[in-house]
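The structure under discussion appears below in the form of structure tokens.
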Amino acid sequence: MSKGFDDIPFFDEEPAPRKPAPAANGIAARAMAARDNAKRPDYLSGLNPEQTEAVETLEGPVLVLAGAGTGKTRVLTTRIAHILSTGRAFPSQILAVTFTNKAAREMKERIGVLVGHAVEGMPWLGTFHSIGVKLLRRHAELVGLRSDFTILDTDDVVRLIKQLIQAEGLDDKRWPAKQFAGMIDTWKNKGLDPSQIPEGDARAFANGKGRELYAAYQNRLLTLNACDFGDLLLHPIRMFRANPDVLREYHDKFRYILVDEYQDTNTAQYMWLRLLAQRPQGKSWSQRNPSPTPPHKGEGQVRAADSRSPSQSSEEQASNLDDRNAAARQDSPSPLWGGVGEGKSQGAGDRKPTVNICCVGDDDQSIYGWRGAEVDNILRFEKDFPGAKVIKLERNYRSTEHILGAAAHLIAHNEGRLGKTLFTERTNPDDEKVHVHAAWDSEEEARAIGEEIEQLQRQKHNLNDIAILVRASFQMREFEDRFVTLGLNYRVIGGPRFYERLEIRDAMAYFRLVCQPADDLAFERIVNTPKRGLGDTTVRTLHDYARARDIPMLAAATEIIETDELKPKARKALFDVVTDFRRWQTLLETTPHTELAEQILDESGYTAMWQADKSAEAPGRLENLKELIRSMEAFESMRGFLEHVALVMDAEQNEDMDAVSIMTLHSAKGLEFDTVFLPGWEEGLFPHQRALDEGGRAGLEEERRLAYVGITRAKRRCHIWFVSNRRIHGLWQSTMPSRFLDELPIDHVEVAEQDVSYGGYGRGGYGQSGFDKADPFENSYQTPGWKRAQQHRSEATRDNWGTRSGHAVERIGYGESGPRTRMIEGELVAKSTTSEPSRFNIGDRVFHLKFGNGNIAAIEGNKLTINFDRAGQKRVLEGFVERV
DNA sequence: TAACTCAACATTTTT
DNA sequence: TGTTGAGTTA
């Protein structure tokens, strides 16, 4: 996530680089064709034998076990390029799933480079979630949604659940909404709907009402026409199960399925993949006859960019493929040629195309078990897909022998792995061993690492090539402080996100409500922001009414302002809100969306609210709002923008600045650096006590994998640190070195000799650290002080968007957000006042909570005109009166 | 409704 | 320790 708002990213996937496509029949093109017929395509050169095999084994299920730094992404992208350029499938027939937007983006770019043209025709390359959205928008009605459904983020979800808990009459302190949101998330990761959750789970929450609450939540989402993240996976699964015909459509469509980071798939994702990958016949993969059908037309705009004849596949494949496949090639489509027109798919019909699934992953890098990832998915692959080909990539191109040796020895302590051993062919006697350093305390640790970095800097190393990878984010602070003092540029990766900022979420709520009038959460968020005198009471009234009538709150507001239900002041205020939104909705079609966005923020008084705010962070917030509008420019419409934000919460990093990266081990996965510092290798912190307590042996193994990930991020230098004293929650605790240190192989490790001694600290303060004692860590498992004793470092504080870069300490005022303004939305539900009124007649005697008794004088739809005994004649909604 | 006090709590995080 | 959220007070 980025620093300084100058480089706040534009959010969408940037258009893939466009290169002029050679004229299909030009001379150059012919020459290229000739060349390509004569030898292997360029993109295949430079692959090692295993990689080549992984790229060329196109038929049947393939599992690529790709160790760290073995060219995993390259294999995936080349494989896709290979499929495309040999004409085996149209871009639109390839389903390629990643976990992060970043990975998806990178893959798109790299395929573009390989294939030599923009990959616009790859509509199904994306994250599980973005593909899920795409499916859902097409088939929303099959799961009870409309296609313009909203995607709620965690914050919305929590607020919603809180409402539900209160509506149930439960104490929302005893039963925190956040916790329940977490439970729902866990269930959804496992693909469980309310009826399927374990009885124990159901009973554990809300006095045993867990299941009901979950069900109520799902209902509420449907009413709101909204989805949470989990639903983006679960709804498609439900839809496919309930509609085999639709599923079949996608079976016919997707000829190739590729999955990145397979070790991170959770059960729901696994189910999703199975549905798409497995044919109803239930034959084994190898038996299936692949005879490609002409691709559905109209799925991808394919550019003629390559003059190779796709139907003449490169010869090298012939050696790899069996007859059926050879036959298949004969009538392969020629996607890169074809200027395939748009049109509706005409049945792939009787001939079933093979779907070939290729999963790439590394069981040793599975570090998201706590988030529902099932390593088991990867361990079980061969059983799930009989006849699967398993290809191991063990040739490492990233790290030195020592680094690999250390990592390998460490990870070998895990059981239940598929077992790979990385090796490198580059050996260099000058390579540094992995260094292990001890420091007296965390301050010294930070100081010493700062020293080392300055040293590297003097040796002309780029700061960009240096990273500090910590186990827990509270560790970052010490480094930040130190680097600010030193004037060392750094960037923190991970942490608070742009879109999670208060002002951004408010603004987004306005936009959401304009685009999606049924978005009650958005409505409640902004109805009284800025303050309009529409407080709890008003909103509660509205809420009850809306719930009773089963209509959105904005609609309820529209009705209610026709009546005397509200006090004149509130009524007027609400009237204004409703009118504003009506107007904006009209403008949605006609006004450019950035202009409209600005207009909304101005006319609603939202901008003015911050302008009037005298607090320190107000200017930063206004700046953020400007940035928000600027970032909308990259999108075609407001809707497009909203969708993007919902799915892509992250933002681009400023890569221009030379800075040390500080991040957690988790967010370092997939990255590499010349020099990596790994501080905090102490029992209790790493492995984390909580992982041990909650995960037992499995937890320990996951921690070890995390250590493995950390070490393997390093290309040339890896420095591990531990301290003897660490401050936790303000209290100093003495600590034991991590057991992982002991699991490093001595021949690849160098224990640093007292290399630090700063102003009286350090000097052997750690004693021998137990590092070379006989059995130093014998009892290190229990470190009671650690339990629940972790310093909390709130994300909101660390201002990740402003860069505190040393020399020019440009701390940009991106909301160092003081205490967040309190949300009142949570409180709104309370009890439902409405008893369903039946039909009234003129003359009926009725009672109204506010106005007392009266007689109905007139009826107009659901609005009643009543002559109250005391209050006189009023117009009220029928939901608010009852017969007496 | 803003400003205050007090108590609870404190891995890892994508989408 | 330092942050957050809730409840209280002016």
Side-chain angles (χ1 to χ4, degrees), chain A residues 1 97-104 126-133 151-154 157 162 172-173 176-178 182 185 188-189 227-233 261 264-266 268-269 367-373 469-477 493-497 499-500 528 531 533 535-536 613 615 643-650 663-670 680 684-695 699 702-703 705-706 709-710 727-732 786-798 817-824 826-827:
Chain A
M1 281 59 322
V97 231
T98 63
F99 275 82
T100 63
N101 293 293
K102 193 172 156 220
T127 62
F128 276 101
H129 296 267
S130 65
I131 290 170
V133 173
I151 302 162
L152 303 184
D153 63 30
T154 332
V157 168
K162 189 162 183 182
D172 63 304
K173 303 195 69 173
K178 219 170 154 196
D185 197 56
K188 289 193 172 177
N189 283 156
C227 273
D228 63 17
F229 282 122
D231 286 341
L232 298 180
L233 291 170
E261 306 277 18
D264 285 338
T265 44
N266 61 35
Q269 286 156 339
I367 53 176
Y368 285 107
W370 53 274
R371 221 170 60 190
L469 310 181
V470 298
R471 171 68 247 261
S473 39
F474 75 83
Q475 294 172 264
M476 293 178 180
R477 182 190 209 142
I493 296 174
R497 320 266 195 96
Y499 294 111
E500 282 167 4
N528 201 29
K531 300 270 183 286
D536 275 14
D613 190 307
S615 63
E643 175 111 334
H644 174 84
V645 174
L647 289 173
V648 183
M649 295 291 290
D650 78 336
M663 68 189 98
T664 63
L665 287 161
H666 283 92
S667 40
K669 193 169 73 157
L685 177 58
F686 193 35
H688 201 282
Q689 191 59 46
R690 207 152 149 184
L692 301 176
D693 291 347
E694 287 165 18
E702 184 155 312
E703 295 287 290
R705 277 179 245 131
L706 203 47
V709 167
R727 188 163 45 187
I728 317 287
H729 310 163
L731 298 171
W732 287 98
W786 286 93
K787 206 169 189 172
R788 129 179 61 107
Q790 293 306 315
Q791 170 149 356
H792 171 54
R793 184 120 152 66
S794 149
E795 284 128 55
T797 5
R798 196 176 328 108
S817 62
R820 293 196 167 191
T821 41
R822 315 275 131 108
M823 298 294 98
I824 48 166
E827 313 264 323

Quiz item: Do the side-chain N or O atoms of A:K102 get closer than 4.0 angstrom to the phosphate oxygens (OP1, OP2) of B:dT13?
Solution: no

Quiz prompt | Distance in angstrom units between A:N528 CG and B:dT1 C1', rounded | solution = 11 Å

Quiz prompt | Interatomic distance where NZ belongs to A:K531 and C1' belongs to B:dA2 [whole Å] | solution = 10 Å

Quiz prompt | Sole residue of A:R690, A:E694, A:H666 in side-chain contact (heavy atoms from CB on, under 4.5 Å) with A:W370 | solution = A:H666

Quiz prompt | Proximal nucleotide (of B:dT11, B:dT15, B:dT1) relative to the A:L647 side chain | solution = B:dT15

Quiz item: Picking from B:dT14, B:dT11, B:dT15, which would you name as closest to the side chain of A:T127?
Solution: B:dT15

Quiz prompt | Derivation of the salt bridge (Lys or Arg N to Asp or Glu O under 4.0 Å) call for A:D228 and A:K188 | solution = CA-CA 10 Å; A:D228 63 17; A:K188 289 193 172 177; 2.6 Å; yes

Quiz item: Can any side-chain N or O of A:N189 pair as donor or acceptor with the backbone N or O of A:A268 at less than 3.5 Å?
Solution: no

Practice problem: Could you state the atom-to-atom distance from NE2 of A:H688 to P of B:dT11 in whole Å? | Solution: 6 Å

Quiz item: Looking at B:dT11, B:dT13, B:dT15, which one has an atom nearest to any side-chain atom of A:S667?
Solution: B:dT13

Quiz item: Nearest of C:dT3, B:dT15, B:dT13 to any side-chain atom of A:R477?
Solution: C:dT3

Self-check item: Euclidean distance, atom CZ of residue A:R690 to atom C1' of B:dT13 [Å, nearest integer]
Solution: 14 Å

Exercise. State, yes or no, whether a side-chain contact exists between A:N266 and A:Y368 at a heavy-atom distance under 4.5 Å.
Key: no

Quiz item: To the nearest Å, how far apart are A:Q689 CD and B:dA10 P?
Solution: 15 Å

Practice problem: Nearest whole angstrom, please: distance from the P of B:dT13 to the CZ of A:F99. | Solution: 16 Å

Quiz item: Could you state the CG-C1' distance from A:L685 to B:dT11, rounded to the nearest angstrom?
Solution: 9 Å

Quiz item: Can you find a side chain N or O atom of A:N101 that sits less than 4.0 Å from OP1 or OP2 on B:dT15?
Solution: yes

Quiz item: Can you tell which of B:dT15, B:dT12, C:dG2 lies closest to the side chain of A:T100?
Solution: B:dT15

Quiz item: Is the closest side-chain heavy-atom distance between A:V97 and A:T127 below 4.5 Å?
Solution: no

Quiz item: Which listed nucleotide (B:dT11, B:dT13, B:dT15) is nearest to the side chain of A:H666?
Solution: B:dT13

Quiz item: Between A:S473 and B:dT12, does any side-chain N or O lie under 4.0 Å from OP1 or OP2?
Solution: yes

Exercise. Can you figure out which of B:dT15, B:dT11, B:dT13 approaches the side chain of A:W370 most closely?
Key: B:dT13

Quiz item: Taking the P atom of each, how far is C:dT3 from B:dT12, in whole Å?
Solution: 15 Å

Quiz item: Can you tell me how far C1' of C:dG2 sits from CZ of A:F474, to the nearest Å?
Solution: 13 Å

Practice problem: Quick one: label A:E703 by what it contacts on the DNA or RNA (base, sugar-phosphate, nothing), any heavy atom closer than 4.0 Å. | Solution: base

Exercise. Indicate yes or no: at least one non-hydrogen side-chain atom of A:L665 is less than 4.5 angstrom from one of A:L706.
Key: yes

Quiz item: With respect to the phosphate group of B:dT13, does any side-chain polar atom (N or O) of A:T664 fall under 4.0 Å of OP1 or OP2?
Solution: yes

Practice problem: Consider the side chain of A:K162, meaning its heavy atoms from C-beta on, and name the nucleotide among B:dT11, C:dA6, B:dT12 that approaches it most closely. | Solution: C:dA6

